[in-house]
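The structure presented is a predicted model; accordingly, all values stated were derived computationally and were not measured. Hydrogens, waters and symmetry mates are skipped; everything else that's a heavy atom, side chains included, is used.
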Amino acid sequence: MSAARPRLPCLSTGSAAFDEILGGGLPVRSVNVIAGEPGAGKTIFALQMLFHQARQGKKGLYLTTLSEPALKLASYMQQFSFFDERLIAEKRVVIADLGSVMRRKGADETLAEIVGRVEQEEPAVVVIDSFKALRDLLGDAPALRTFNYDLAVHLASWGAASLLVGEYTREEMATFSEFAVADGIIRLGSRRDELRAIREVEVLKLRGANVVTGGHFFEITREGLAFFPRVRGPDGSIAEPEELDARAPTGVAGLDDMLGGGLPRASATVVQGGTGTGKTMLGLQFLLEGARQGEPGVHFALEETANQLRRIAQGFGWDLRPLEQRGLLTFHYVSPVELSTDRFLHEAREEVARLGARRAVLDSLTSMALGVPSERRFKELVYAITKHFRAAGVTINMNMEISDLLGAAQLSGHGVSFAADNVIQLKYVEVDGHLERGVSVLKARGVRHATDVRRLDLGEGRIEVTSAFAGLRGVLTGLPKPATRGAT
């Protein structure tokens with residue numbers, strides 16, 4: 001059996017999410033090109049890492065090709081929370097200008113200036129911004145390739161990680177010599193999605209690292225660059241409940257009877273039905289039952305806001321405030337109009353971990369689909385949610401509206417039942433000229449469940465599943481007929 005390969009020591013970028021994408025951070029001694037169009041966030045990324053490392057006790061050196069760098073950086077960067085002028089005053093972040101040397105002298109003198117600065121400051125991270133401007137001033141002569149090679153050798157020998165920032169096009173990335181000598185290439189960019197601008201990052205190259213390939217998303221916030229790894233399933237094996245027959249009671253006695261004691265722990269359930277059939281109330285009841293048992297729960301809302309849900313619950317006789325104050329119930333609202341799939345999954349996982357949640361409700365998948373650009377991406381998101389929540393030991397209910405009121409029964413319109421362990425259907429049933437609510441368990445993986453349709457009653461402060469619709473056939477259609485004796 002071969003020994004495990006040692007991992008390269010890495011430096012954090014200041015973003016745990018981006019460190020995860022990089023496979024642990026940027027390796028020490030690595031030379032990295034940070035490429036992208038103007039306004040992509042390259043300088044913010046570089047300074048965010050510098051100031052983060054400075055807070056960890058490691059010095060950073062920022063070499064700019066612009067004049068009056070300190071004044072410009074202070075005016076533009078002080079809006080970000082990571083910027084701390086005290087760290088500059090204490091020389092933990094050192095800012096120096098290369099522009100005057102570059103304009104007056106050549107490649108050899110510029111390299112000597114960089115070498116002298118690094119030997120003097122002994123930084124853990126070196127940033128040259130903009131390296132593309134350095135290339136433009138020095139020219140594209142064969143000597144520039146030698147310059148890039150010598151610079152890379154010197155940077156590696158000093159033990160510093162370096163960031164060469166520049167506004168490079170895709171064509172330039174394929175031909176310029178700095179990309180050949182670089183250990184890492186990170187591209188920041190943006191694209192239009194109807195009326196929205198979507199910011200994307202991709203790690204095109206990082207020697208010796210197990211990077212998460214493909215495009216990922218980020219936003220520029222007051223804290224700096226916030227990264228959201230692309231939607232994918234969890235790594236490794238899925239955690240299973242300690243007891244295979246462990247149950248999470250819904251708090252609705254008749255429904256728990258239909259399920260043989262409740263929903264399987266760490267399972268995913270789709271609760272589908274027409275408008276007004278009771279999906280939201282069933283989800284709140286599920287979280288309330290968990291709170292009564294000391295299990296924290298979180299409600300991810302994409303329709304009603306937290307205040308709207310509190311009013312709905314209050315009208316039903318439930319006061320949710322005490323449970324919220326004790327940390328047993330949390331509302332997390334996201335507008336489906338501004339939904340980012342990768343951000344939603346990232347924040348949902350963080351919220352579950354922060355709260356130690358054991359139960360979750362997503363209300364609803366129908367609204368979530370409005371903010372997802374394609375059906376494939378929607379299914380990927382649903383699949384990833386179910387797998388990540390299962391790995392975290394969370395039992396989740398996901399509501400979905402189906403269009404039928406009365407008529408032929410149907411499964412979920414978006415075809416996501418494949419990702420669910422259990423499917424519960426709510427529907428209206430017309431009996432003697434009036435509407436009643438019915439509930440049926442269409443699927444419960446690994447559970448012997450009832451297969452008949454039973455009455456669902458919503459009363460003051462209670463939800464009850466009572467008797468079956470005896471003496472009727474075709475109940476699932478919503479338009480049952482009296483059963484004919486002897487009919488097959």
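Salt bridge annotation for Arg265-Glu295: present, with a cationic side-chain nitrogen under 4.0 angstrom from a carboxylate oxygen. Salt bridge status for Arg343 with Glu219: present, with a side-chain N to carboxylate O gap under 4.0 Å. Salt bridge status for Glu350 with Arg354: absent, with no side-chain N to carboxylate O gap under 4.0 Å.
A distance-only check finds a donor-acceptor pair linking the side chain of Arg390 to the backbone of Ala266 [under 3.5 Å]. Panel note: side chain Lys279, backbone Met400; no donor-acceptor pair is recorded below 3.5 Å. Although no hydrogens or angles enter the test, the distance criterion places a donor-acceptor pair under 3.5 Å between the side chain of Arg359 and the main chain of Phe286.
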side-chain contact (heavy atoms from CB on, under 4.5 Å) assessment of Leu188 paired with Ile34:
CA-CA 7 Å; Leu188 304 174; Ile34 312 301; 4.3 Å; yes
Decide yes or no on side-chain contact (heavy atoms from CB on, under 4.5 Å) for Leu370 and Val337, but give the supporting numbers first.
CA-CA 7 Å; Leu370 296 175; Val337 177; over 6 Å; no
Might you work through the side-chain contact (heavy atoms from CB on, under 4.5 Å) test for Ile21 and Val211, ending with a clear yes or no?
CA-CA 6 Å; Ile21 293 170; Val211 303; 5.7 Å; no
side-chain contact (heavy atoms from CB on, under 4.5 Å) between Thr275 and Glu401, worked out:
CA-CA 7 Å; Thr275 181; Glu401 185 166 323; 3.8 Å; yes
Begin with the C-alpha distance, continue with both residues' side-chain angles, and end with the deciding distance and a verdict on ring-ring contact (aromatic ring centres under 6.0 Å, His included) for Tyr168 and Phe179.
CA-CA 10 Å; Tyr168 296 95; Phe179 292 92; 4.8 Å; yes
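Summarising the local packing, CZ of Arg191 is surrounded by more than 12 heavy atoms from other residues, nucleotides or ligands at distances under 6.0 Å. No more than 12 heavy-atom neighbours from other residues, nucleotides or ligands sit within 6.0 angstrom of CD on Gln314. Sparse packing is recorded around CZ of Arg326, with 12 or fewer heavy atoms of other residues, nucleotides or ligands lying under 6.0 Å away. Other residues, nucleotides and ligands contribute at most 12 non-hydrogen atoms within 6.0 Å of the CZ atom of Arg29. Under a cut-off of 6.0 angstrom, the local environment of OH in Tyr383 is sparse, with at most 12 non-hydrogen atoms contributed by other residues, nucleotides or ligands. The environment of Glu85 atom CD is sparse: at most 12 non-hydrogen atoms of other residues, nucleotides or ligands sit within 6.0 angstrom. More than 12 non-hydrogen atoms from other residues, nucleotides or ligands lie less than 6.0 angstrom from CG of Asn307.
Under the 30°/60° scheme for interplanar angles, the aromatic rings of Phe316 and Trp318 are found to stand perpendicular. Aromatic ring orientation, Phe45 versus Phe227: perpendicular (interplanar angle above 60°, classes split at 30° and 60°).
Aromatic ring centres of Phe218 and Phe228: separated by at least 6.0 Å.
A search for side chain to side chain donor-acceptor pair (under 3.5 Å) contacts involving Asp19 returns Ser12, Thr13, not counting sequence neighbours.
Looking at Thr250 and Gln285, their side chains never bring a donor and an acceptor atom within 3.5 Å of each other. Between the side chains of His434 and Glu430, no donor-acceptor pair of N or O atoms lies under 3.5 Å.
If you take CE on Met398 and CE on Met368, they are separated by 8.0 Å, rounding to the nearest 0.5 Å. A distance of 12.5 Å separates CG in Leu320 from CZ in Arg311, rounded to the nearest 0.5 Å. Taking CG of Leu381 as the reference point, atom NZ of Lys379 lies at 13.5 Å (rounded to 0.5 Å). Note that NE2 of His299 and CG of Leu309 are 5.0 Å apart. Values are rounded to the nearest 0.5 Å. Expressed to the nearest 0.5 Å, how far CZ of Arg321 lies from CG of Leu329 amounts to 10.5 Å. Put simply, CG on Leu206 and SG on Cys10 are 7.5 Å apart, with the number rounded to the nearest 0.5 Å.
Asp342 pairs with exactly one of Arg377, Arg230, Arg349 by the salt bridge (Lys or Arg N to Asp or Glu O under 4.0 Å) rule, that one being Arg377.
With a 6.0 Å cutoff to the six-membered ring centre and a 45° limit on the axis angle, Arg455 counts as a cation-pi contact of Phe469.
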